> 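I'd like to ask you about the structure that follows.
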Amino acid sequence: MKAIINYENGSRKVSYMEADTPEPAAGQVRIKVAYCGICGTDLHIFEGDGGYPTKPPVILGHEVSGVVEAVGEGADPSWLGKRVVSETYYHTCGRCMYCRSGHGNLCPEKKSIGSAVNGGMAEYVIVPEKNLHPIPEGISLREAAMTEPLACCVQGVLEFGNICPGDRVLITGPGAIGLMCLQVAVSAGAVVIVAGTAVDKERLELAKELGAAETVYSDRPDAGEKIAAFCAPFGADIVFDCSGAGAAINMGLHVIRKGGRYVQVGLTGKPVELDMNLITLKELSVMGTYAQKPQWWVKALDLVERGEVKLEPLISDVYPLEEWKKAFDGYRHKTGFKYLLEAAGEDV
């Protein structure tokens with residue numbers, strides 16, 4: 001089969017190559033891949049900057065949709081022919097305090113597809129049967145390939161944001177993750193303002209279409225005043241930073257109200273300088289959210305099925321596997337939102 005492989009450690013050690021078609025072991029299934037999304041972690045792996053570790057040679061990709069084509073011993077044969085998405089954890093120990101308390105995303109032994117083991121930028125991918133979620137009717141395989149990042153957003157917004165209807169919410173960073181968080185927050189009853197820079201003009205316009213009550217250019221001098229007026233009288237109840245940019249993080253900590261909740265969704269990629277006094281003097285609850293737990297996959301698919309989250313507007317382009325470099329370039333240059341690689345497509 002053809003696949004996008006990180007063949008050794010180092011910068012841009014990635015190529016479109018031939019690989020063996022995998023066979024499912026006991027408790028596993030083989031998915032014929034329809035689409036695989038490109039994530040920021042894939043860019044870190046491509047650049048070899050240490051932002052996300054891999055164990056090469058390994059096939060990239062963890063945002064997968066497709067159809068179950070084969071099952072291993074002990075796996076339920078009724079999955080055969082079903083349209084599915086898959087959680088990313090190929091292995092967790094099941095014994096540590098994190099696994100036993102429902103936080104497998106923090107397991108020290110966690111191995112994920114696309115980095116520790118072969119992933120979905122290929123014609124086929126192997127995953128544990130327990131990772132599967134059926135795709136509801138009415139959701140395309142294109143949209144379904146974005147379930148993984150949406151599940152991350154659902155966890156961040158609903159578990160850590162703990163939104164109450166009417167909460168004034170600021171989201172910084174109007175990329176695909178920010179606009180998913182926007183829609184999830186609106187579905188929970190929040191009134192949302194989205195902040196971005198001048199280069200985000202198109203993204204902020206789409207934010208309005210997807211439910212933002214207001215948008216603001218964070219690189220303009222009056223940004224703080226506009227956010228304060230929107231979140232009067234005390235400031236934003238909750239801030240979600242989806243940008244990973246130091247300036248946006250600091251702005252969020254300044255405009256959040258005393259006793260507010262701050263959730264870091266985006267990765268910074270490097271250390272940023274913060275005024276920690278703001279956290280103390282405002283008595284802020286500051287949290288990070290990493291990956292996702294199984295229950296948020298179910299919620300993510302439900303939100304899409306009910307039309308409360310729209311994913312199709314976030315798909316900037318779809319490229320065949322062999323044109324993966326074009327898709328990576330689009331992501332690297334931050335043009336558009338989400339890029340998908342097509343293996344078998346909707347006709348899988």
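Since we're looking at a predicted model, the values are computed, not measured.
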> Within 45° of the six-membered ring axis of Phe230 and under 6.0 Å from that ring's centre, is NZ or CZ of Arg168 located there?
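Verdict for Phe230: a cation-pi partner in Arg168.
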
> Ignoring hydrogens and angles, tell me if any N or O in the side chain of Ser112 forms a donor-acceptor pair with the backbone of Ser115 under 3.5 Å.
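Such a contact is absent between Ser112 side chain and Ser115 backbone.
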
> Between CG of Asp222 and OH of Tyr217, what distance do you get to the nearest 0.5 Å?
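One gets 12.0 Å once the value is rounded to the nearest 0.5 Å.
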
> We want to know whether Glu129 and Gln28 form a side-chain donor-acceptor pair, criterion being a heavy-atom distance below 3.5 angstrom.
no

> Looking at side-chain heavy atoms only, is the closest gap between Tyr290 and Cys152 below 4.5 Å?
no

> Could you go step by step and tell me if Tyr52 and Glu47 meet the side chain to side chain donor-acceptor pair (under 3.5 Å) rule?
CA-CA 10 Å; Tyr52 204 87; Glu47 296 292 353; over 6 Å; no

> Any side-chain heavy atom of Ile5 sitting closer than 4.5 Å to one from Val14?
no

> Would you call Glu63 and Lys338 a salt bridge, using N to O less than 4.0 angstrom?
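Salt bridge flag = yes for Lys338 with Glu63.
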
> If you measure from the Lys or Arg side-chain nitrogens to the Asp or Glu carboxylate oxygens, is any gap between Glu123 and Lys32 under 4.0 Å?
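Not counted as a salt bridge, because no side-chain N and carboxylate O are separated by less than 4.0 Å.
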
> Going by atom types only, do Glu87 and Trp297 share a side-chain donor-acceptor pair under 3.5 Å?
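Side chains of Glu87 and Trp297: no pair found under 3.5 Å.
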
> Are any of the side-chain nitrogens in Lys326 or Asp329 under 4.0 Å away from the carboxylate oxygens of its partner?
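Answer for the salt bridge query: no.
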
> So do Trp324 and Ile38 actually touch side chain to side chain, heavy atoms under 4.5 Å?
no

> Here's one to test your reading of the geometry: is the NZ or CZ of Lys111 within 45 degrees of the ring axis of Tyr89 and under 6.0 Å from its centre?
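Negative - Lys111 is either too far from the ring of Tyr89 or too far off its axis.
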
> Do Arg142 side-chain atoms and Ala34 backbone N/O form a donor-acceptor pair below 3.5 Å?
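No; judged by distance alone, with no hydrogens or angles, the pair does not exist.
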
> May I have all residue pairs that pass side chain to side chain donor-acceptor pair (under 3.5 Å) and include part of residues 224-239, sequence neighbours excluded?
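Qualifying pairs: Asp237-Arg257.
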
